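Below: the structure, in structure tokens.
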Number of protein chains: 2
Amino acid sequence: MPAPQNFLQYCDDNALNFVKRLANGVHIKSVSGDPTLRNDVFKMTDFLEGELQGVGCTVTRKPLGEQIIDGKPSGLYLPDVLFASIGNDSTKKTILIYGHYDVQPAAKEDGWKTDDPFVLDYNAQNPGELIGRGSTDDKGPVIGWINVLEAHKKLNLPLPVNLKFCFEGMEESGSEGLDDLIKNEATSGTFFRNVDAVCITDSYWLNTRTPVLTYGLRGIIYYNLTISGLAFDLHSGAFGGMVHEPLTDLFAIMSNLVAPDGTILIPGVNELVPAPTPDEIKLYEDMDYSMQDFKNSVGDESAGDMSVNAVTQNTVSLLLKRMRFPSLSLHGIIGASSGVESKTVIPAEVTGKFSLRLVQDQTPANVDPLVQDYVCKLHKSLNTGNTYRLTNVGDGLPWLEDYHHWNYEAAEKATIAIYNKKPDYNREGGSIPIALTFSDQIGKNVLLLPMGRGDDGEHSVNEKIDFANYIGGTKLFGAYLYEIADLASK
Amino acid sequence: MPAPQNFLQYCDDNALNFVKRLANGVHIKSVSGDPTLRNDVFKMTDFLEGELQGVGCTVTRKPLGEQIIDGKPSGLYLPDVLFASIGNDSTKKTILIYGHYDVQPAAKEDGWKTDDPFVLDYNAQNPGELIGRGSTDDKGPVIGWINVLEAHKKLNLPLPVNLKFCFEGMEESGSEGLDDLIKNEATSGTFFRNVDAVCITDSYWLNTRTPVLTYGLRGIIYYNLTISGLAFDLHSGAFGGMVHEPLTDLFAIMSNLVAPDGTILIPGVNELVPAPTPDEIKLYEDMDYSMQDFKNSVGDESAGDMSVNAVTQNTVSLLLKRMRFPSLSLHGIIGASSGVESKTVIPAEVTGKFSLRLVQDQTPANVDPLVQDYVCKLHKSLNTGNTYRLTNVGDGLPWLEDYHHWNYEAAEKATIAIYNKKPDYNREGGSIPIALTFSDQIGKNVLLLPMGRGDDGEHSVNEKIDFANYIGGTKLFGAYLYEIADLASK
């Protein structure tokens, strides 16, 4: 049972109304990272609650209490999480949808080409790009779901599945409070009880052409490596040559963590990762990705041929390195001279920052001892009087989903139906912790189903969603539900 | 002809008046680095001019024009340099004295144990330490010279030499304008015409016990090494493993410049330095320096045994490394993440900062090609797509004086006369560019004759000069002039 024609037709006929709904959402400055705009975030909660109720949902606001700043309650309240549901037919599948209604900061002065980042900019006659903060991250997808429900209400069409929505307002600020709420609800609440699968609509295509379904995310361990030796900073004129300089030790150790070609030099870390199966390799071979896509993402033509900056010119290897293999990046140093002035200081204590991106079967638990052991050996080999301290300052497991599941199958069929193109199956290099939380707490299959394209510029100036993706994505979301019902009936 | 007894006696009898003169000087907040205190620097110029005239000097104020800030005149005037002279007897030697009357910033909140850094703190009954900003750097020495002249005026003693003074007010802010003034005066002026030797009184003993005469200073080249590859910063989640990261290249190159034990790894750089002669080694063997002195200068007992931070436990080797050999220090990175937050950035362009301290026969001109060549080879060996740029952002020649000269002989005799101790002959690791300027422009022997001790804490909180050194130094300065006259008469 593919999506009925009248639903798809409704989306086309009402496209400009859908754009206006998005414009209403974009106009609310729900910047979660700016305490002075917290009231606007709550206005967005109200707006969304009203929209959900307007299309037939039962909505519960879940308060998260006061925001903790510098370790103590700040008097500033966290925006409510919206739990909404529609449909309660035990013969149908129940799908949980996640999205967020807060946005990144934005100011005209940052370089927006439109008059106001919070006024959705589009040409009503030819709405190619819909430019505005939150258009793609993540108000477009969230409001896309409202559009789907409106169409069904207006057409008096029954929904093919039961739907539950979890929309939060702190995603751009670390999703404070959400994990606890979900854990609590999963153990002692009822909202997640009948959920059969989860669909997260907060991701993007890899390029501008081909839809993707995302089934994996890398994990991370972030380290601080502190080298101490002196009680205070010294002058390099007076002491250079006399003392074991902590910064020299730090460079010696950090330069031995990763080779210039990106190879991780920590023994045992790469060995934890199983070689890709032929089946997996095929996924990467099928992926629509070219060196031009690489070049577009790391520079522009004016900067010269950026493909020299790829560690390999083989796109399959390159994608494997992005998604399927771990990586180690050096990020910087705390405590050394970082300004443009020519400071002749020997810093007394310096802290190097680096992180590893983890993939299956790596975990922070099995990788950390290898890093600790190796850094200990490197430090010992320096034979200086400086001491070191290596601290894991934050970690997250990699997430990997079984994409041979009806949840993905339905999404693939829906994608082919709407875009006439088989989606690429990909993993992402970065982390979306909520995917892991849902996997762990609800124990059901989780899918990342994007609406926008790889060049939407989420978090950047001139964030946009293409009109084609906004309307296409709305249709896709609806079609996905019908394909789920269709598969369930077989 | 050692210093006459009545001069020495006058210094003891008038010690508290000398302290009060210093207190008057300290009370003027002549912080050259703080534009809001520029008027106070000019007040100090006036004060010093008055004092010099009061003890019989002819004073000329040399204006330096407007201060250049960010490449253009700031409307802020540079403090005048004071040229003062007393005596014009062609049968006597003429000695040029250099000092400065500006000071470093100071605020009670920085941790001063006294009530006000600009109120000289001492116990009139038992004036052990005279605590206050500028007490040792460099108002103590400058006012010490006034004391010498006051004694001679009051005692109606003829000075044994002709004296010229060059006192500047921008030393703590890069001596802006001074070099040009001296070059100009040396080529077309008359002030330096009859100078026979130069004495700089703006340095310190190596420890708290033994006077030193300083005859050498290391030079410097300061480098910025920029690695570029990406057009903008990337997210390590999305791109870690795919790209040649500029920071990885920077760590690889900089870790190959210097070994953890301080050995410079740039081929040819160490080879430019001749081995110390037996005569020279003896100077270092004679130097009063212990591992305890080292420990005191890099930490306190609470930090554990800091001697492990010395590259050697042999004090002769340690002093050679400080004064007689070059060194290379890494200082930090511009453009990498330097805050405490765990930023997962791959910086697009990073600039490493490092400097070499140079000794004879090294010069920026003969060292730079070696560094350029080596870094070029290291960069090539990385074989990444990143480019590099190595820039000398500032350099200075090492300075080395002939200490077998009557200028040093006189200072040694005076030191023995006043402190009953042969001074150590040392070099300093840092640079005092004025020494080189005087050597080059005036072409006469230059001596660094300190008043204060190694623990005076110039530039730090609780800067002090010991009463014993302030009065002893005043006597030493006078005695030095008598010894010059004595040697000249032989």
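Here is how names work: the chains are called A, B, and so on, in the same order as the sequence lines, proteins then strands, and each is numbered from 1. Predicted, not measured: the structure shown is a model, and the values here were computed from it.
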Audit row: B:Phe239, A:Ser297, side-chain contact (heavy atoms from CB on, under 4.5 Å) steps and yes/no
CA-CA 9 Å; B:Phe239 291 95; A:Ser297 61; 3.4 Å; yes

Under 4.5 Å, counting heavy-atom pairs only, tell me which of B:Gly394, B:Gly385, B:Pro347 racks up the most with chain A.
B:Gly385

Turns out that what part of B:Arg322 lies under 4.5 Å from chain A's heavy atoms comes down to both

Between B:Val243, B:Val258, B:Thr351, who has the most heavy-atom pairs with chain A when the cutoff is under 4.5 Å?
B:Val243

If every non-hydrogen atom of A:Gly241 is compared with every non-hydrogen atom of B:Val311, which pair is closest and at what distance?
O-CG2, 3.2 Å

Please rank A:Ile264, A:Leu217, A:Leu230 by heavy-atom pairs under 4.5 Å with chain B and give me the top one.
A:Leu230

Which region of A:Arg357, side chain (C-beta onward) or backbone (N, CA, C, O), has a non-hydrogen atom less than 4.5 Å from a non-hydrogen atom of chain B, or is it both or neither?
side chain

Looking at A:Ser317, A:Gly339, A:Ser342, which one has more heavy-atom pairs under 4.5 Å with chain B than the rest?
A:Ser342

B:Ile220 versus chain A, the contacting section by heavy-atom distance below 4.5 Å:
side chain

Need one label for A:Ala259: side chain, backbone, both or neither, based on atoms under 4.5 Å from any heavy atom in chain B.
backbone

Could you measure the distance from the CG atom of B:Leu247 to the NZ atom of A:Lys353? Nearest 0.5 Å is fine.
11.0 Å

Using a distance-only test with no angle check, is there a side-chain donor-acceptor pair under 3.5 angstrom linking A:Ser236 and B:Ser329?
no

For chain A, which candidate among B:Pro326, B:Pro260, B:Ser327 shows the most heavy-atom pairs at distances under 4.5 Å?
B:Pro260

In terms of heavy-atom pairs under 4.5 Å, which option from A:Asn383, A:Ile333, A:Asn256, A:Val308 contacts chain B the most?
A:Ile333

With a 4.5 angstrom heavy-atom cut-off, could you sort out which part of B:Phe294 is near chain A: side chain, backbone, both or neither?
side chain

Heavy-atom distances under 4.5 Å only: say whether A:Leu234 touches chain B with side chain, backbone, both or neither.
side chain

Pair count under 4.5 Å, heavy atoms only, with chain A: among B:Val345, B:Asp249, B:Thr312, highest is B:Val345

Pairwise distance CD1(B:Ile334) to CD(A:Glu341) - rounded to 0.5 angstrom:
7.5 Å

Could you tell me which of A:Gly229, A:Gly332, A:Ala348, A:Gly237 has the largest number of non-hydrogen atom pairs under 4.5 Å with chain B?
A:Gly237

Which portion of B:Tyr222 sits near chain A, non-hydrogen atoms under 4.5 angstrom:
side chain

In terms of heavy-atom pairs under 4.5 Å with chain B, which of A:Ala336, A:Pro246, A:Ser255 leads?
A:Ser255

Heavy-atom pairs under 4.5 Å with chain A - which of B:Ser228, B:Gly262, B:Ser338 has more of them than the others?
B:Ser338

For chain B, which of A:Met323, A:His235, A:Lys343 has the most heavy-atom pairs under 4.5 Å?
A:Lys343

Return the CE to CG distance between A:Met242 and B:Leu320, rounded to the nearest 0.5 Å.
10.0 Å

List the steps and the verdict of side-chain contact (heavy atoms from CB on, under 4.5 Å) for A:Asn309 and B:Asn386.
CA-CA 7 Å; A:Asn309 269 85; B:Asn386 296 314; 2.8 Å; yes

Heavy atoms only: give me the nearest B:Phe251-A:Leu330 pair and the separation to one decimal.
CD1-CD1, 3.6 Å

Just by modelled atom types, is the B:Thr344 backbone N or O under 3.5 Å from a matching donor or acceptor in the A:His331 side chain?
no

